[in-house]
Amino acid sequence: MPYVDRQNRICGFLDIEENENSGKFLRRYFILDTQQGSLVWFMDNPQNLPIGADCVGSLKLTYISKVSDATKQRPKAEFCFVINAGMRKFFLQANDQQDLVDWVNALNKATKITVPKSSESQQNSENQKILPDVVGPKKQVSYRTDIIGGVPIITQTQHEGGDGANRSEREALQRSHSQLPYFLGRPAQEQSVIKSGYCVKQGAVMRNWKRRYFLLEENAMSYFKSDLEKEPLRMIPLKEVHKVQECKQSDIMMRDNLFEVVTTSRTFYIQADSPVEMHSWIKAISGAIVAQRGPGRSAATMRQARRLSNPCIQRYTSRIGECSGTD
């Protein structure tokens with residue numbers, strides 16, 4: 001779901017068809033900034049990228065004429081909407097129907113504020129002619145960057161080809177890997193899994209922030225380098241957790257959607273992708289602790305803990321052993 005950050009900008013993850021009519025959607029982090037009058041998108045939340053990292057694409061709000069549901073135009077793309085900007089149409093995919101409605105309303109509301117006056121129409125028509133060079137990577141760029149398993153992968157695009165069927169299969173596989181925060185790439189998970197997904201955490205030694213894949217089970221919360229890894233970087237037993245709450249130092253750390261897991265030996269600072277996800281993690285972890293420490297652990301108590309978490313739960317077959325580290 002889009003949320004308002006501390007700079008009063010609307011932010012969130014969406015999938016975008018960066019190359020027109022390609023049918024391939026890539027996961028990007030969007031920022032709608034009405035003060036700057038622009039919509040920009042990055043490989044990830046800029047807080048998690050190197051300082052000074054450039055955006056992947058951008059679009060002036062004055063170029064946008066209409067934003068609407070595009071389900072009929074792209075029936076195979078679920079929760080799809082379109083941004084009409086001059087001679088170009090940008091197709092984007094939301095995470096669910098409510099996410100689609102929120103983004104469409106926010107964009108239409110923002111563009112109403114920045115509708116150009118009639119005296120500016122001639123200048124805007126000239127700007128629209130150079131729109132392809134403004135909104136994204138230039139066509140002569142021969143490399144493509146995708147996020148697979150939480151890691152940016154750079155591949156050549158000069159020799160892409162093959163028949164339509166093979167291309168569709170490749171695009172479906174790439175999409176499944178690019179939707180990191182909301183769609184999981186792990187194979188099967190046990191019923192004991194309460195909640196899983198990507199968050200950003202602070203390291204213990206270097207104090208840097210890295211995206212990690214978290215897995216909450218009945219007795220522990222583990223985190224991995226990516227959803228493709230089987231061995232966790234660390235496992236946090238729930239019996240050692242004293243407190244889970246929204247971080248009071250979020251203003252000092254300049255991090256949105258930050259919560260903390262306080263254990264006997266360490267406080268883990270974890271950043272979710274949205275306020276909804278942050279509260280979902282807090283409730284899920286708290287519910288798991290209550291289920292573990294309460295009078296008898298029944299199936300009903302575990303079902304209650306799962307209801308407090310994100311309902312998108314998948315299975316994971318391999319057993320997770322204890323693993324320690326400084327990450």
Side-chain angles (χ1 to χ4, degrees), residues 44 48 147-151 177 179-247 255 257-273 277-293 297 301-327:
D44 194 0
N48 307 322
I147 301 180
I148 299 178
V151 179
H177 282 154
Q179 295 179 316
L180 297 180
Y182 298 93
F183 297 90
L184 314 179
R186 301 182 77 84
Q189 291 179 350
E190 293 180 354
Q191 289 293 345
S192 62
V193 175
I194 298 171
K195 183 174 176 62
S196 57
Y198 279 90
C199 292
V200 177
K201 65 169 288 295
Q202 187 185 58
V205 180
M206 301 301 294
R207 301 295 179 185
N208 53 347
W209 296 84
K210 293 183 179 179
R211 185 170 289 275
R212 296 291 184 237
Y213 180 80
F214 284 79
L215 195 68
L216 175 62
E217 296 182 288
E218 293 182 26
N219 299 313
M221 181 172 69
S222 307
Y223 55 87
F224 305 73
K225 230 175 193 180
S226 75
D227 62 321
L228 303 177
E229 299 292 328
K230 292 185 178 181
E231 292 299 321
L233 295 170
R234 189 181 184 112
M235 187 183 72
I236 308 170
L238 294 183
K239 64 182 181 181
E240 296 182 4
V241 178
H242 299 311
K243 189 186 301 182
V244 183
Q245 62 183 12
E246 186 172 352
C247 183
R255 291 265 163 178
N257 317 317
L258 193 66
F259 66 98
E260 57 187 15
V261 178
V262 182
T263 69
T264 306
S265 58
R266 175 182 166 188
T267 298
F268 294 85
Y269 295 103
I270 304 171
Q271 181 185 21
D273 288 330
E277 270 297 287
M278 177 190 69
H279 291 298
S280 176
W281 274 107
I282 293 174
K283 289 180 180 179
I285 299 170
S286 300
I289 294 173
V290 171
Q292 182 191 57
R293 298 175 183 174
R297 286 167 30 185
T301 58
M302 286 314 303
R303 283 197 298 270
Q304 182 183 9
R306 289 192 184 97
R307 282 197 297 269
L308 292 173
S309 69
N310 192 323
C312 182
I313 299 173
Q314 300 184 10
R315 299 182 177 177
Y316 175 49
T317 54
S318 63
R319 207 55 195 165
I320 298 175
E322 292 195 8
C323 178
S324 61
T326 58
D327 184 77

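Keep in mind the model is a prediction, meaning the values are calculated, not measured. When a residue number appears, it is its place in the shown sequence, counting from 1.
By the 4.5 Å heavy-atom criterion applied to side chains, Leu258 and Gln202 are not counted as neighbours. Here the side chains of Val244 and Trp281 are not in contact, with every heavy-atom distance at 4.5 Å or above. Arg255 has its side chain out of reach of Tyr269: every pair of non-hydrogen atoms, C-beta onward, lies at least 4.5 Å apart. When side chains are defined from C-beta on, Asp273 does not count as touching Asn257, because their heavy atoms never get closer than 4.5 Å. You'll find the side chain of Ile194 stays beyond 4.5 Å of the side chain of Ile285, heavy atoms only. Val262 is listed as a side-chain neighbour of Thr267, based on a closest heavy-atom distance under 4.5 Å.
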**Request:** Determine, step by step, whether Gln245 and Ile282 satisfy the side-chain contact (heavy atoms from CB on, under 4.5 Å) criterion, reporting the C-alpha distance in whole Å, the side-chain angles of both residues, the deciding distance to 0.1 Å, and the verdict.
**Result:** CA-CA 6 Å; Gln245 62 183 12; Ile282 293 174; 5.6 Å; no
**Request:** For the pair Lys201 and Arg234, evaluate side-chain contact (heavy atoms from CB on, under 4.5 Å) and give the outcome as yes or no after the intermediate values.
**Result:** CA-CA 12 Å; Lys201 65 169 288 295; Arg234 189 181 184 112; over 6 Å; no
**Intermediate values then yes/no, side-chain contact (heavy atoms from CB on, under 4.5 Å), Arg212 and Lys225** = CA-CA 5 Å; Arg212 296 291 184 237; Lys225 230 175 193 180; 3.7 Å; yes
**Item:** Pair Ile270-Met221, side-chain contact (heavy atoms from CB on, under 4.5 Å): steps then yes or no
**Value:** CA-CA 12 Å; Ile270 304 171; Met221 181 172 69; 4.1 Å; yes
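Here the straight-line distance linking atom OG1 of Thr264 with atom CD1 of Ile236 works out to 11.5 Å at 0.5 Å rounding. The distance from atom OG of Ser222 to atom CD of Glu229, rounded to the nearest 0.5 Å, is 13.5 Å. The NZ atom of Lys210 lies 10.5 Å from the OH atom of Tyr223; values are rounded to the nearest 0.5 Å. Note that CD1 of Ile289 is 12.0 Å distant from NZ of Lys243, once rounded to the nearest 0.5 Å. Annotation: the span from Arg211 atom CZ to Asp44 atom CG amounts to 4.0 Å, rounded to 0.5 Å. Cys199 contributes atom SG, which lies 13.5 Å from atom CZ of Phe268 (distance to the nearest 0.5 angstrom).
Residues forming a side chain to side chain donor-acceptor pair (under 3.5 Å) with Glu240 (at least two apart in sequence, or on another chain): none.
Contact detail for Ser196 and Leu215: the closest heavy-atom pair is CB-CD1, 3.5 Å. When every heavy atom of Ala288 is checked against every heavy atom of Glu217, the shortest pair comes out as CB-O, 4.4 Å. In terms of heavy-atom proximity, Ala272 sits nearest to Met278 at CB-N, 3.5 Å. Across every non-hydrogen atom of Lys230 and Phe224, the tightest pair is O-CE2, 3.4 Å.
The aromatic rings of Tyr213 and Tyr198 lie perpendicular to each other, with more than 60° between the two planes, well past the 30° mark.
Note on Lys195 versus Glu277: salt bridge recorded, some NZ/NE/NH1/NH2 to OD/OE distance being below 4.0 Å.
Checked by atom type, the side-chain pair Gln292/Glu218 shows no donor-acceptor distance below 3.5 Å.
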